[in-house]
Amino acid sequence: MKQKITIEAQIRCDKCRSQAMKIAVAEDGVISVAFQGPNRDKMVITGDGVDAADMAKSLRKKLGYADLVSVEEITEKKAEKKVEPTQEKKAENAHARPQPCSHHPHLEFYIHDPSSRSMCTIL
C-alpha cells in the first residue's frame with residue numbers, strides 16, 4: 001500500500017533540513033521525501049508500508065518538534081483518493097514553544113555577588 005505522509009516539523013536552517021532528510025530516508029519503504037510550504041517546514045514523504053507514527057517520533061527526537069498532519073493512501077486511479085488524517089488539529093497552547101536547534105548551544109550565565117559585609121559574625 002503506497003501512502004503519502006505529511007509531517008510538519010521545526011526546520012530552521014539547512015542543517016536541520018539535512019538531518020530531517022537523513023532520518024526520513026533511513027526508514028524502511030521510503031520512496032521520496034520533499035519539503036513544502038512557505039518556510040519549507042512541511043515534509044511530504046511517499047513510501048510503501050511506512051510507519052507514519054514512528055517517523056514522526058524519530059523526527060521529534062532529533063528536531064524537537066514534529067507533528068503528523070495527514071496520511072493519504074495513493075491508489076492507481078487518481079479519481080479515488082482516500083484521505084485519513086491520523087491526528088486531529090493540535091490544541092492551541094499559549095505556553096508551548098518549539099525547542100531550539102540542538103546544534104546551537106544555549107548558554108546561561110550566573111553572577112554571584114557576595115555581600116559587602118565582613119565575614120565576622122560576632123560584633
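Start at 1 with the first residue, then count along the sequence. Predicted, not measured: the structure shown is a model, and the values here were computed from it.
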Report yes if some heavy atom in the side chain of Lys42 is under 4.5 Å from a heavy atom in the side chain of Phe35; otherwise report no. no

Beyond-backbone contact of Ile5 with Leu68, side-chain heavy atoms, under 4.5 angstrom: yes

Considering only heavy atoms from C-beta outward, does the side chain of Asp41 approach that of Glu8 to under 4.5 Å? yes

Working note: Val69 + Ile7, criterion side-chain contact (heavy atoms from CB on, under 4.5 Å); need CA distance, chi angles, decisive distance, verdict. CA-CA 5 Å; Val69 178; Ile7 297 176; 6.0 Å; no

With side-chain contact (heavy atoms from CB on, under 4.5 Å) as the test, would you mind laying out the steps for Cys16 and Gln10 before giving the verdict? CA-CA 8 Å; Cys16 293; Gln10 176 186 7; over 6 Å; no

For the residue pair Glu27 and Ser58, what are the closest heavy atoms and their distance? OE2-OG, 3.7 Å

With sequence neighbours left out, the residues meeting side chain to side chain donor-acceptor pair (under 3.5 Å) with Asp14 are Arg17

Correct closest heavy-atom pair for Val33 and Ala24 would be CG2-CB, 3.8 Å

Taking every non-hydrogen atom, the tightest pair across Ala56 and Ala66: O-CB, 3.8 Å

Report the C-alpha distance between Glu73 and Met1 in whole Å, list the side-chain angles of each, state the deciding distance to 0.1 Å, and finish with yes or no for side-chain contact (heavy atoms from CB on, under 4.5 Å). CA-CA 7 Å; Glu73 184 179 338; Met1 163 176 89; 4.0 Å; yes

For a side-chain contact (heavy atoms from CB on, under 4.5 Å) check, start with the C-alpha distance between Thr46 and Ile74, then their side-chain angles and the critical distance, and finish with the verdict. CA-CA 9 Å; Thr46 306; Ile74 298 174; 3.8 Å; yes

To the nearest 0.5 angstrom, please state how far the CD1 atom of Ile45 sits from the CD atom of Gln3. 10.0 Å

Looking at side-chain heavy atoms only, is the closest gap between Lys2 and Thr75 below 4.5 Å? no

Linked, directly or transitively: Ile31 and Val50 (ILVMFWY side chains, under 4.5 Å): no

Any non-hydrogen side-chain atom of Asp51 less than 4.5 Å from a side-chain atom of Met55? no

Listed partners of Val44 passing side-chain contact (heavy atoms from CB on, under 4.5 Å), at least two apart: Lys4, Thr6, Gln36

